[in-house]
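Order of listing sets the numbers, starting from 1, for every ligand and every atom in it.
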Amino acid sequence: MGPIRLHDTRSGELRELVPGPGGRVGIYACGPTVYGRVHVGNARPFVVFSLLKRFLEHEGHVVTLVVNITDVNDKIYDAARPLGVPSAQLAAEMAAHYVADTGALRLGRPDAEPLASESIDGIVDLIAALIERGSAYAVDGDVYFRVRSDAGYGSLSNRAIDEMSQGENVEGADRKEDPLDFALWKAHKPGEDTAWQAPWGRGRPGWHIECSAMAEQLLGVGFEIHGGGNDLAFPHHENEAAQTRMGRGAELAQIWMHNGMLQLQGGTMGKSLGNAIRLHGVLDDVGRDALVMLFASAHYRGPMDFDDERLAEAGARVARIRDAARQLVAAPSPDDMRAHRDAFFAALAEDFNTSRALGALFEWIREANRRHEPVGNADLVEMLGVLGLENLLEADDAAGAEELELLDRRRAARGSKDWAAADAIRDELAARGWTVRDGPDGAELVRSAP
Ligand SMILES: [Zn+2]
């Protein structure tokens, strides 16, 4: 394994990843606030950091990936109120949807997915340390972070202190010593149906403090990589960094990695934008292979165009890999094709450039397609495994649950001599690429010839 360099927002440079003892690498990536179904844009950091974990494990590191779930937040109160449901119930439902929707990406779960509501003790402990050290103050049950107490404030997002606005609403403005200060704890207000007891009064945590507290609980202070969308660099990550710096006297993370945003191309989705960009809707439409391929096709740091055309291109790349895989044999790959495999991993080691890595992967496939003798697939297995696309190599000959259910219904239709229904189901299976073969042990499904 060679050195791995990643772009660090704080220094503005590529920095070498320095793992902890035993090759340990902790990654904390900010997850969703669960007030509605997740957007395909929320899936980008989920995919980027899940794939980064796969790559680092391939390089021999022992990775712990933490992705939090924000389940206490103004947005959740605001969404629950008109629905007439308790905010905790809405948050639990949307968190379950988030787990199912991201689960359908089939990239595995993060190693830990802490909930803010279950991390209150750690949050209270960190706020108490900040008050004790003079970097926070309680006013009427609220607690605010004293931004000007932190000489390093602004060093992550590279902003001058007087050019910053916390974007918090005006409520609380009269209680803050300085408009720059931000809330660590918010006193309970009428209309909010969750609150916890704290030394400075009943209330609930601010958004920024929960990440500092959960990250330190699960990864310790000074862990290797903190990630998230670049829209979070300021104020969220600036505030996370400040809280830990002042509360614990140490930097929260060594490298701050930020992924770019999705650019939705209006009007090209073919249906109303609201539903078309929900993660579950996109997965239903195009399947996980094309979506994972689309994310891998762009450099994580740049903006990513998201429209039907890009999805179709990603689907075509998936098909090219599947087509090539059918011609390969399970064996070591030829030595004289290894340069492409090495270029793939070199691209990932230089700021996790999955886009360039895919270029090398397709060079490998072009070369394999050119050869007359059978080519061993080992290199391709290794490369696709890191991208979470190793399934493209599997013979696509196992029927899914839906197909098996159709087969059961056909059997029932034939049992009741409803031949028309049985034929209709046979046609439906044929449209899905399956041929029904009636044998002595009953009917079975075989892949139709392409
Ligand atoms: Zn966060």
Side-chain angles (χ1 to χ4, degrees), residues 8-10 26-35 38-39 41-50 52-53 64-76 91 94-95 98-99 102 110-120 122-127 130 145 147 150 153-157 159 164 166-168 182-186 204-248 250-261 300:
D8 169 41
T9 302
R10 185 169 46 185
I27 307 175
Y28 185 95
C30 291
T33 298
V34 283
Y35 61 95
V38 293
H39 183 276
N42 300 124
R44 192 172 192 197
F46 188 93
V47 172
V48 165
F49 293 101
S50 296
L52 178 65
K53 174 182 155 139
T64 304
L65 173 62
V66 179
V67 181
N68 68 300
I69 296 175
T70 298
D71 64 343
V72 184
N73 191 282
D74 286 318
K75 287 179 182 164
I76 301 170
M94 290 305 154
Y98 158 76
V99 169
T102 50
D111 300 288
E113 299 180 270
L115 298 169
S117 64
E118 292 177 357
S119 310
I120 303 294
I123 292 168
V124 167
D125 183 76
L126 183 54
I127 296 175
L130 284 164
F145 184 86
V147 167
D150 175 15
Y153 196 82
S155 60
L156 171 61
S157 55
R159 289 167 194 238
M164 295 188 262
Q166 296 293 343
E168 292 185 352
F182 59 87
L184 300 173
W185 189 264
K186 300 179 180 187
R204 41 114 182 176
W207 174 37
H208 314 302
I209 194 73
E210 73 178 63
C211 284
S212 292
M214 294 191 287
E216 114 184 339
Q217 281 184 320
L218 289 156
L219 298 171
V221 170
F223 58 89
E224 286 70 26
I225 299 169
H226 193 310
N230 61 14
D231 56 334
L232 298 182
F234 183 85
H236 185 53
H237 290 166
E238 190 71 62
N239 292 351
E240 281 187 40
Q243 290 160 164
T244 301
R245 188 183 302 123
M246 301 314 286
R248 304 301 188 210
E251 288 298 326
L252 179 59
Q254 295 176 31
I255 293 176
W256 291 80
M257 274 177 80
H258 288 105
N259 64 270
M261 296 292 104
Y300 78 89

### Task
Kindly write out the residues that satisfy salt bridge (Lys or Arg N to Asp or Glu O under 4.0 Å) with Asp125, not counting sequence neighbours, or none if the list is empty.
Arg248
## Note on the structure
Residues passing the side-chain contact (heavy atoms from CB on, under 4.5 Å) test with Ala29, sequence neighbours excluded, are Phe49, Val67
### Task
Would you tell me whether Thr70 and Glu210 have side-chain atoms, one donor and one acceptor, within less than 3.5 Å of each other?
yes
### Query
Below 4.5 Å, heavy atoms only, C-beta onward: do His226 and Cys30 meet side chain to side chain?
yes
### Summary
Within a distance under 2.8 Å of the Zn ion (ligand 1), the protein atoms of type N, O or S are Cys30 SG, Cys211 SG, His236 NE2, Glu240 OE2
### Query
With sequence neighbours excluded, what pairs up with Arg44 under the salt bridge (Lys or Arg N to Asp or Glu O under 4.0 Å) test?
none
### Task
Ignoring hydrogens and angles, state whether a donor on the side chain of Thr64 or Asp111 is under 3.5 Å from an acceptor on the partner side chain.
no
